[in-house]
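See structure below.
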Amino acid sequence: MPELPEVEVITRELRPHLVGEKIRDLKKIWHKTIVESEYSPLNKRIQTITRHGKYIIFHLPDGAIIIHLRMTGQIIVKDQSNLDAKHLRAYIEFKSGKIMQFFDSRKFGRIYVTSNPQDVLKNTGIDALDANFLPKVFTNILTKKKRQIKSVLLDQKNIAGLGNIYIDECLFASRIHPLTPANRLSDDQINILFKEINKILVNAIDRMGTTISDYKTVGGGFGSFQNYLQVYGRTDQPCFVCNSPISKIRINNRGTHFCTNCQVESLNNEL
DNA sequence: AAGAGACCCTGGATGC
DNA sequence: TGCATCCAGGGTCTCT
């Protein structure tokens, strides 16, 4: 399940392949994968490729193609035009002969074609690695929210890019209980959490992301951050810090992993 | 504002 | 073995 680090790795890998490429055709195989508008990307050249949260943005002269991989989306760029069949949902052909295939077993991923990228991105907040995402900004977001910190961090309207896995990891590293109301966090806790978010995301990018089931880089490689996970997917296994079994509960219908020993104190202190 | 739940989906794991 | 059921979860939506 790609989150910010995986999407960042993919974005970086796509740039040398696709920047400057001119689009010859855009084909959908599963009807919902491509969300079209009146805007045609045909014969347009990709000027730059950027990322915002979990979105990959191909900037065209007067519009954009915006990709969200959701749970199982994968992108593979090939030089020749023979197609792979399994789970292929859409593909883009370029004038050069290159082809970008979009695979997605669960069909949740989307490719938006639009003259106005803001339409697609309007409900996403500041990117978690944006240079303007500062502790003060983070504090402003959290102090207005009574919701549980995990819910607040999951909501892309607040901060874009964090997902279920990295949030569990960041909260563990910060020793914050996931059910703590956001506005009950102390200044110290907010500062620690801010630093851990940055540290863990950057570290995960360095390790090419986390491969749990489907995620692959554009070159077909795997990430290695799964080897460094402290709590995610470790239900009932001993905490690396205190040996207590890792707990799993559901928040926002998402599996939430934490250490009742390391992360319970902050909850008690704050309530 | 925010919680609960449905929905979109398929593959893999589990249970009988 | 084979069938049914559950679970994984990002995001959007409706209802309360």
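Proteins come first, then strands; the chains are lettered A, B, ... in the order of their sequence lines, and each starts at number 1. A quick note: this is a predicted structure, and the numbers were derived from the prediction, not measured. Every heavy atom of this structure was used, including side-chain atoms; hydrogens, water molecules and symmetry mates were not.
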Which residue is it: A:T114, A:N116, A:D62? I am looking for the one with a side chain to side chain donor-acceptor pair (under 3.5 Å) to A:Y39. A:D62
Taking the six-membered ring for Trp, are A:F133 and A:F138 closer than 6.0 Å centroid to centroid? yes
Salt bridge flag under 4.0 Å for residues A:R70 and A:D104: no
Heteroatom pairs (N/O) under 3.5 angstrom, protein to nucleotides 2-6 of chain B:
unit_1	atom_1	unit_2	atom_2	d
B:dA2	OP1	A:K146	N	3.1
B:dG3	OP2	A:R147	NE	2.7
B:dG3	OP2	A:R147	NH2	3.4

Tell me, for nucleotides 10-16 of chain C in 5' to 3' order, what letter each nucleotide earns: B for a base near a protein heavy atom under 4.0 Å, S for only sugar-phosphate near one, - for neither? BBS----
Side-chain donor-acceptor pair under 3.5 Å between A:K150 and A:T256, yes or no? yes
Whole-Å distance separating the NE2 atom of A:H31 from the P atom of B:dC9: 7 Å
Give a yes/no answer on whether the side chain of A:Y232 brings an N or O atom under 4.0 Å of OP1 or OP2 in C:dA8. no
Any A:L60 side-chain heavy atom under 4.5 Å of A:I23 side chain: yes
Nearest whole Å is fine: how far is B:dT10 C1' from A:L88 CG? 16 Å
Nearest to side-chain heavy atoms of A:K248, which nucleotide of B:dT10, C:dA8, B:dC9: C:dA8
According to a strict under-4.0 Å criterion, is A:H87 in side-chain N/O contact with OP1 or OP2 of B:dG11? yes
Paired with A:N261, the side chain to side chain contact (heavy atoms under 4.5 Å, CB included) test is passed by just one of A:S244, A:P245, A:S247, namely A:S244
Can you tell me the distance, in whole Å, between the CD1 atom of A:I249 and the P atom of C:dC7? 16 Å
Over-ring placement of A:R234 relative to A:F240, 6.0 Å and 45° cut-offs: yes
Closest heavy-atom contact between A:I57 and A:A64? CG2-CB, 4.1 Å
Would you tell me if any nitrogen or oxygen in the side chain of A:R89 comes within less than 4.0 Å of OP1 or OP2 on B:dC8? no
Can you see if the side chain of A:K107 gets near the phosphate of B:dC8 - specifically, an N or O under 4.0 Å from OP1 or OP2? no
With a 4.0 Å cut-off on heavy atoms, is A:K122 in touch with a base, just the backbone sugar-phosphate, or nothing at all? nothing
What is the distance from CG of A:D104 to P of C:dG9, rounded to the nearest Å? 17 Å
Under 4.0 Å between a Lys/Arg side-chain N and an Asp/Glu carboxylate O for A:K98 and A:E21? yes
